[in-house]
Every structure is written in C-alpha cells, then in structure tokens.
Number of protein chains: 2
Amino acid sequence: MTRTARAPLSRERILDAAVAIADAEGLAAVTMRGVAQQLDCEAMSLYYHVKDKAQLVTGLVEVIIDEVIATTLDNPPGGPQAGDWRDVVRARCLGARHVMLRHPWAPPLVANADQVPPNTYRVFEALVATMIEAGFSYDLAHRAIHAIGSMILGFTQELFDPNVDTDELSDDELAALAGAFPHLGAIAASQPHDAAQSLSVCDTQAEFEFTLGLVLDGLDALRPAV
Amino acid sequence: MTRTARAPLSRERILDAAVAIADAEGLAAVTMRGVAQQLDCEAMSLYYHVKDKAQLVTGLVEVIIDEVIATTLDNPPGGPQAGDWRDVVRARCLGARHVMLRHPWAPPLVANADQVPPNTYRVFEALVATMIEAGFSYDLAHRAIHAIGSMILGFTQELFDPNVDTDELSDDELAALAGAFPHLGAIAASQPHDAAQSLSVCDTQAEFEFTLGLVLDGLDALRPAV
DNA sequence: CAGGCCGATCTTACAACGTACGATCTGCCT
DNA sequence: AGGCAGATCGTACGTTGTAAGATCGGCCTG
C-alpha cells in the first residue's frame with residue numbers, strides 16, 4: 001500500500017496547474033496553497049521552483065504568450081504566411097484573440113504585466129518583420145504595433161453589464177436608465193446577444209474583425225508603395 | 001486640549017482618500033486600514049458607507065469617470081463642441097487620456113471592472129449621440145465605441161521594459177537580445193525616450209494621437225454622407 | 001431635565017493569504 | 001557506511017478583508 005509517487009515538481013508543472021486553476025475558477029483563485037494542493041504538495045515547495053507569487057503570475061503570461069506563438073508563428077493554421085501583409089497580420093491577430101478567448105483572465109494580465117516575459121518580443125518582432133517587408137517605416141510599424149496590441153488586449157470590456165440590468169435594478173430604474181440613454185438603448189436593442197464564444201456581450205467576433213480591418217486598412221493606406 | 005473633531009465620514013470622503021492613496025503609492029496600497037488611517041478612523045468604520053472592498057474599487061472607477069465627464073462634457077476646454085465630428089470625439093478622447101495620465105492605475109481598473117458604474121453610460125451616450133448626428137448608423141457607432149474604448153484603455157503596455165534592460169540582464173544577454181530581435185532593436189534605437197508625461201516609454205502623446213486619427217479617419221470613410 | 005432611540009463608529013476576533021526560516025527527506029557519489 | 005546536495009516540508013509571523021457585537025453621541029420625546 002505504498003503511496004503512488006508523485007511526479008517531481010517543476011516550474012512548468014506549476015505554471016500548468018496555475019493556468020488550469022485560473023481557467024476553471026478565475027485568476028483570484030490562483031493561490032500558492034491552491035496550486036500546491038492541485039499538485040499534491042505543500043505551498044512552500046513551490047518556492048524552490050518559483051521565486052514568489054509575482055513571478056508565478058509573470059509565468060502565467062509567459063505560458064499564454066507561448067500559446068500565441070505556437071498557434072500563430074510556429075504552426076499557423078493555414079500553412080506559412082503569404083500574400084498581402086494585412087492577411088498575415090490579420091490571421092495572427094485572430095489567432096491571438098482565440099487564445100485570449102480560451103483564457104479570459106489573461107488580457108488584463110498581459111496588458112498590465114510589470115515584467116514583460118522575453119517571449120513577448122518574438123511576437124512583436126515577427127509582426128514588425130512582416131510590416132517592414134511590406135514597405136513600412138520603423139516608425140509606422142511601431143505605431144501599428146501599439147494600435148494592434150491595444151486592440152487585442154483592450155477588447156474585453158463589458159459595455160452593458162448584464163448583472164446590473166438583471167439583478168440590482170428595479171424595473172422603474174431600468175426604464176429611467178433607458179430614458180436617460182436613448183442611443184445606448186437603441187444599440188442594446190439591436191444586439192443579437194449570442195455571447196457564446198465571446199469575452200463580453202458586445203464583443204463578438206464580427207465586431208473584432210471589423211475594427212481590426214479598420215486599423216489594418218488605415219495603416220495600409222499610409223504605407224509607401226513597394 | 002480637546003481633540004479637534006474630525007469631519008464626518010462619507011462615501012465621497014472615503015473615495016477621495018482612496019484615490020489619493022492610489023495616486024501616491026499605487027493601487028496595491030489601497031487597503032481598508034490604509035484608507036481608514038488617512039481619514040483618522042478605524043477600518044471597520046468604512047463599512048458603514050461602503051459595502052466592501054470590491055465596491056470601494058468600483059467607486060474608484062466612478063470617481064475617474066466623473067473626472068472624465070467633468071473635463072470632456074460638462075465644461076470642455078475649448079467651449080462647446082462644434083464642427084467635424086472627428087474633432088469633437090478627438091477632443092474628448094484626449095481629455096479622457098489626460099485623466100488616465102493623472103491616474104495611471106485607472107485604465108486596467110476601468111477596462112476590467114466587474115461592475116460598470118452608471119456614469120460610464122453618460123460618456124458613451126454622448127459619443128454615440130455625436131456620431132449619430134454625423135450620420136452614423138447605430139451599428140457603426142457601436143463598433144466605433146469599441147474601437148475608441150480599447151484605444152484609450154489599452155494604451156498602457158510597456159513594450160520595452162526598462163527594468164529588464166537595465167537591471168537583471170548582463171551586457172552579453174542584452175547583446176544577444178538585440179541580435180535575436182533586430183527590428184525591435186531598430187525601433188528602440190529610434191525612440192526619443194522622454195517618458196515624462198506618458199504612461200510608458202513608447203506611449204507618447206504623438207503616438208496616441210496618430211492611432212486615434214487612424215481610427216477616426218477610417219470610421220469617417222465608412223460614414224454615409226449627410 | 002431624564003430617558004431612550006438610532007445612526008455612526010469602534011473593538012475584538014478569525015480565516016485566508018504570501019512567505020521567512022530552518023528542519024527534513026531522498027537519491028547519488030565516494 | 002558516510003555524507004553531500006538538491007528537493008520538499010512544518011511552523012510561524014505579518015497583513016489583508018470582514019463578521020459580530022459593543023459603544024458612542026446627538027436628538028426627540030415624555
């Protein structure tokens with residue numbers, strides 16, 4: 001009746017466990033003792049492989065970025081990239097968004113990481129390379145990176161919070177709101193509200209692709225012809 | 001030697017104190033006991049005016065949004081809005097960005113707020129109204145809101161983290177990085193790095209205005225003529 | 001003026017967290 | 001067998017959010 005030996009701890013196993021917890025119960029549930037329990041060990045054992053909790057969180061970002069790299073650079077879905085630069089960049093953005101959709105806790109972490117893990121640079125380097133090949137100046141490429149990055153990471157807010165609408169407000173207050181904000185009411189009324197695979201009620205795939213196209217076309221118009 | 005009577009607690013005074021702490025020492029320093037100390041009272045006294053810490057944080061968002069409303073809607077710098085819709089929207093965006101620059105901890109909070117305070121709707125309602133007057137469809141206005149919102153809130157990341165460069169890496173490792181990411185190196189080299197009034201090293205005013213113009217012009221091109 | 005009532009504040013206490021410090025265990029080399 | 005070093009654990013402390021109830025102070029009523 002010897003207890004089955006556990007697999008040895010490692011930074012990778014720890015990060016995987018943390019990601020699993022974050023996916024299942026949210027980022028706030030990622031705690032030292034919680035991760036340890038998931039790995040059937042004590043909290044203090046983690047510290048041999050991870051400096052402290054801040055670095056564990058940075059590690060989470062690293063895992064997500066690795067996932068982005070795997071699905072957009074190392075083996076992109078439609079084979080190697082070719083054709084218009086916009087199609088290449090668009091495919092990568094949609095891939096990155098897919099990863100974020102699988103890990104809804106990630107965008108704020110990535111956007112607000114105090115320490116940027118080095119693999120992040122690979123993503124940006126690839127994007128800049130594609131743009132430079134398409135005739136971009138470094139300055140324009142830099143600005144493009146910012147525009148694209150803030151799109152992928154910022155597309156998370158809930159404009160019309162369902163909690164507020166359903167729970168805490170009476171019908172009277174709701175009607176008052178609709179009266180005070182007629183335009184927003186009109187927008188909300190015209191929404192399909194099929195929030196199945198989206199980060200928020202009004203963050204649908206079509207909308208993301210629209211804004212993405214807007215930015216990419218705008219950049220393309222500013223690009224010196226090649 | 002009677003102790004000078006303290007001003008009575010109130011939700012507003014509590015929120016103001018919390019904002020002051022966040023501005024001075026960062027969001028992590030906003031703690032129940034800390035806020036209480038600032039107000040010369042005990043931590044538990046706050047709970048009479050604020051439900052719990054989550055609602056206190058929501059209150060912080062509320063304060064920031066109020067500041068945005070005050071500086072962009074109630075008394076905008078250049079008098080009431082007129083002229084091209086892009087100029088109106090641009091002025092409001094720059095005003096909102098100004099507020100965020102004064103409270104660098106705010107963007108992630110606003111972007112990730114679990115509960116959207118109602119005054120947020122006023123900002124969006126005003127933006128949509130301006131666009132509808134300019135001939136936008138509700139659908140286009142909705143998408144525009146998303147594009148603009150993610151710009152203002154997402155423009156915060158540090159692409160090239162100064163901590164990494166200066167501290168933890170040896171010169172060899174630094175050279176290796178520069179070799180692995182030549183394009184990023186070129187961009188970094190061409191940067192002025194006067195990060196005085198910006199949220200991050202490569203988040204300058206000019207760059208923000210560039211991306212903003214890109215989005216606004218793109219939207220304008222899609223707008224039905226009036 | 002006495003008594004009581006109620007909104008506002010405080011005291012105490014507890015669970016959960018991150019983690020410093022040192023003890024312990026385990027496999028390998030001599 | 002002896003010991004050495006890498007890996008894991010036990011204990012304990014400070015800090016956090018907050019539940020439960022005690023206490024204060026001003027105002028109204030009798």
Side-chain angles (χ1 to χ4, degrees), chain A residues 1-63 105 108-109 112-115 168, chain B residues 1-62 105 108-109 112-115:
Chain A
M1 194 161 167
T2 53
R3 198 151 299 141
T4 66
R6 298 160 305 179
L9 252 40
S10 73
R11 182 179 142 88
E12 193 186 335
R13 261 168 53 79
I14 291 173
L15 291 182
D16 286 349
V19 168
I21 292 177
D23 284 345
E25 308 170 54
L27 188 61
V30 175
T31 187
M32 290 294 141
R33 296 182 227 256
V35 173
Q37 189 172 3
Q38 181 105 354
L39 295 169
D40 194 28
C41 72
E42 298 303 313
M44 290 313 291
S45 307
L46 305 177
Y47 284 85
Y48 187 82
H49 306 273
V50 167
K51 182 176 167 295
D52 55 15
K53 197 194 171 184
Q55 287 224 354
L56 193 157
V57 172
T58 303
L60 290 188
V61 175
E62 205 180 313
V63 171
W105 45 268
L109 264 196
N112 210 238
D114 44 330
Q115 208 83 337
E168 304 194 6
Chain B
M1 193 160 165
T2 52
R3 200 151 299 143
T4 65
R6 299 160 304 178
L9 253 39
S10 73
R11 182 181 143 89
E12 193 187 336
R13 261 169 52 79
I14 291 173
L15 291 181
D16 285 349
V19 168
I21 293 178
D23 285 344
E25 308 169 54
L27 187 61
V30 175
T31 187
M32 291 294 140
R33 295 181 227 260
V35 173
Q37 189 171 4
Q38 180 104 354
L39 295 169
D40 193 29
C41 72
E42 298 304 313
M44 290 313 291
S45 307
L46 306 177
Y47 284 85
Y48 187 82
H49 305 273
V50 167
K51 182 176 168 296
D52 55 13
K53 199 196 170 183
Q55 287 223 355
L56 193 157
V57 171
T58 302
L60 290 189
V61 175
E62 205 180 313
W105 45 269
L109 264 197
N112 209 238
D114 43 330
Q115 208 84 336

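By convention in this document, chain letters (A, B, ...) are assigned in the order of the sequence lines, proteins followed by strands, and residues within each chain are numbered from 1. Everything numeric in this text was worked out from a predicted model, so none of it was measured.
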What is the distance, to the nearest angstrom, from the [atom1] atom on [X] to the [atom2] atom on [N]?
| X | N | atom1 | atom2 | value |
| --- | --- | --- | --- | --- |
| A/Lys53 | C/dA16 | NZ | C1' | 12 Å |
| B/Tyr47 | D/dA22 | OH | P | 20 Å |
| A/Lys51 | C/dG18 | NZ | P | 14 Å |
| B/Arg13 | C/dA8 | CZ | P | 14 Å |
| B/Asp52 | C/dA16 | CG | C1' | 16 Å |
| B/Gln55 | D/dG17 | CD | P | 15 Å |
| B/Met32 | C/dA15 | CE | P | 21 Å |
| A/Glu42 | C/dG18 | CD | P | 14 Å |

Side chain of B/Met44 (C-beta onward), nearest among C/dG18, C/dT12, C/dT9: C/dT12
Looking at [Y], is its backbone amide N or carbonyl O close enough to the side chain of [X] to form a donor-acceptor pair, meaning the two atoms are under 3.5 Å apart?
| X | Y | result |
| --- | --- | --- |
| A/Lys53 | A/Val30 | yes |
| A/Arg11 | A/Val50 | no |
| B/Asp52 | B/Gln55 | yes |
| B/Thr31 | B/Gly34 | no |

Taking only N and O in the side chain of [X], is any of them less than 4.0 Å away from OP1 or OP2 of [N]?
| X | N | value |
| --- | --- | --- |
| B/Tyr48 | C/dT9 | no |
| B/Thr31 | D/dG17 | yes |
| A/His49 | D/dG6 | no |
| A/Ser45 | D/dC9 | yes |

